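The block underneath contains the structure these notes are about, expressed in structure tokens.
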Amino acid sequence: MPKTESNTAKRPKAVVLFSGGLDSTTCLYKAIKDGYNPTALSFDYGQRHKIELKSAKKIAKMLGITHLIQKLQPELFKGSSLTERKLKVPKNALDYSHIPNTYVPGRNILFLSFAVSLAEGIGADSLYIGVNALDYSGYPDCRPEFLQAYSEAIAKGTKSGVEGKPIQIKAPLQYLSKKEIILLGDSLGVPFSLTHSCYDPVNGAPCGKCDSCLLRKKGFQEAGIPEK
């Protein structure tokens, strides 16, 4: 569903945080369905699953949308198995009793800051993020309370906010299970086979055992859709 300049010029603008994963891709397609002309924003921060950026590039190119990749120094992100090779990614269990070491400290705080700056600069009125509070790993920066607090900061800390038109954070997947996200994505025509979810890929292939792989598999099974 590529978009040409003629049919996007009059659409309102939105910035979409876009990793190339299943959730963020569904979120991107939802933004388009909602009538927005999206700018996709990805981050290269030294993540061990950097292959996700290849997925993001392919999908953005297919859609014909603006796609920016912001490179951040890996040294900024410590204490996570996604950024420090000496730490092992948890495998073979979905344990919701604690926050796993795949949590990257302050990641969404930083990503949203870049997205807000970009959104205000290009005149976008909305910012889409594919966070989820149901089938997820318990990250604190995916919770509704966090997004509410961040929305308040946007309203008070931006020119558009103090002028009464704050950029709106939209999290359409917030209260959906992975099954429901996959069903939504399927209805929107999301190319699941191009998305990447694995935290610990081996030679580019999903490990099949990390939290993200297990949640993806569980979602497709419950949705009754063959995993792609």
Side-chain angles (χ1 to χ4, degrees), residues 15-25 27-28 39-60 67-91 93-119 121 127-133 135-151 153-154 157 169 171 173-174 195-207 209-216:
V15 172
V16 181
L17 288 176
F18 180 49
S19 69
L22 190 155
D23 290 357
S24 70
T25 304
C27 193
L28 174 59
T39 293
L41 177 60
S42 304
F43 294 88
D44 178 353
Y45 56 100
Q47 62 269 48
R48 72 165 71 210
H49 55 307
K50 187 176 178 178
I51 190 173
E52 66 181 358
L53 295 178
K54 291 185 178 180
S55 295
K57 290 177 181 178
K58 289 179 182 178
I59 295 167
H67 181 213
L68 305 177
I69 299 178
Q70 175 62 49
K71 186 173 181 59
L72 301 174
Q73 292 297 319
E75 291 78 14
L76 290 171
F77 300 93
K78 300 293 185 181
S80 171
S81 62
L82 298 192
T83 55
E84 293 199 63
R85 297 282 177 172
K86 65 182 180 181
L87 300 176
K88 293 184 178 180
V89 174
K91 301 289 179 71
L94 290 173
D95 184 0
Y96 297 112
S97 65
H98 66 284
I99 298 171
N101 70 6
T102 51
Y103 164 68
V104 181
R107 181 173 57 180
N108 280 345
I109 294 174
L110 287 172
F111 288 3
L112 282 167
S113 294
F114 279 92
V116 168
S117 179
L118 175 60
L127 193 168
Y128 278 73
I129 182 171
V131 294
N132 175 262
D135 281 344
Y136 79 126
S137 297
Y139 301 153
D141 55 358
C142 289
R143 297 173 302 152
E145 305 95 294
F146 166 71
L147 293 185
Q148 179 58 43
Y150 209 99
S151 294
I154 292 173
I169 295 180
L173 314 184
Q174 183 79 82
T195 65
H196 178 86
S197 299
C198 181
Y199 288 150
D200 193 22
V202 180
N203 297 323
C207 72
K209 300 177 180 180
C210 67
D211 282 7
S212 190
C213 280
L214 294 177
L215 283 170
R216 182 183 177 116

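Just so you know, these numbers use all the heavy atoms, side chains as well, and skip hydrogens, waters and symmetry mates. Remember, predicted model here, so these are calculated numbers, not experimental data.
S197 places no side-chain N or O within donor-acceptor distance of the main-chain N or O of S212, the cut-off being under 3.5 Å. No donor-acceptor pair closer than 3.5 Å links the side chain of D200 to the backbone N or O of V89. S42 contributes a side-chain N or O that, together with a main-chain N or O of F18, makes up a donor-acceptor pair within less than 3.5 Å. Listed for the S80 side chain is a donor-acceptor partner under 3.5 Å among the backbone atoms of Y103. One N or O on the side chain of Q174 and one on the backbone of C142 form a donor-acceptor pair closer than 3.5 Å.
Contact detail for A171 and V131: the closest heavy-atom pair is CB-CG2, 4.1 Å. Here the closest non-hydrogen pair linking L82 and T102 is CD1-O, 3.3 Å. Scanning both residues, G204 and P201, for their nearest heavy atoms gives C-CB, 4.2 Å. When every heavy atom of I99 is checked against every heavy atom of P140, the shortest pair comes out as CD1-CD, 3.7 Å. Among all heavy-atom pairs drawn from D141 and V104, the shortest one is OD2-O, 4.4 Å. Between C210 and K91 the shortest heavy-atom distance is N-CD, 3.7 Å.
To the nearest 0.5 Å, the span separating CG on L53 from NE2 on H67 amounts to 7.0 Å. Separation of atoms CZ (R216) and OG1 (T195) is listed at 3.5 Å; rounding is to 0.5 Å. Separating the OG1 atom in T83 from the OH atom in Y45 is a distance of 8.0 Å, to the nearest 0.5 Å. In this structure, CG on D44 lies 9.5 Å from CD on E52, to the nearest 0.5 angstrom. Taking CG from L28 and OG from S19, the interatomic distance works out to 10.5 Å, rounded to the nearest 0.5 Å. The distance from the CG atom of L17 to the CG atom of N108 is 7.5 Å, given to the nearest 0.5 Å.
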For the pair F146 and L112, evaluate side-chain contact (heavy atoms from CB on, under 4.5 Å) and give the outcome as yes or no after the intermediate values.
-> CA-CA 11 Å; F146 166 71; L112 282 167; 3.7 Å; yes
Can L110 and F43 be said to form a side-chain contact (heavy atoms from CB on, under 4.5 Å), step by step?
-> CA-CA 10 Å; L110 287 172; F43 294 88; over 6 Å; no
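Using modelled atom types, one finds no donor on one side chain facing an acceptor on the other under 3.5 Å when comparing Y139 with R107.
Under the rule for a side chain to side chain contact (heavy atoms under 4.5 Å, CB included), the partners of L87 that lie at least two apart in sequence or sit in another chain are S81, E84, N101.
You'll find the side chain of F77 reaches within 4.5 Å of the side chain of L72, heavy atoms only.
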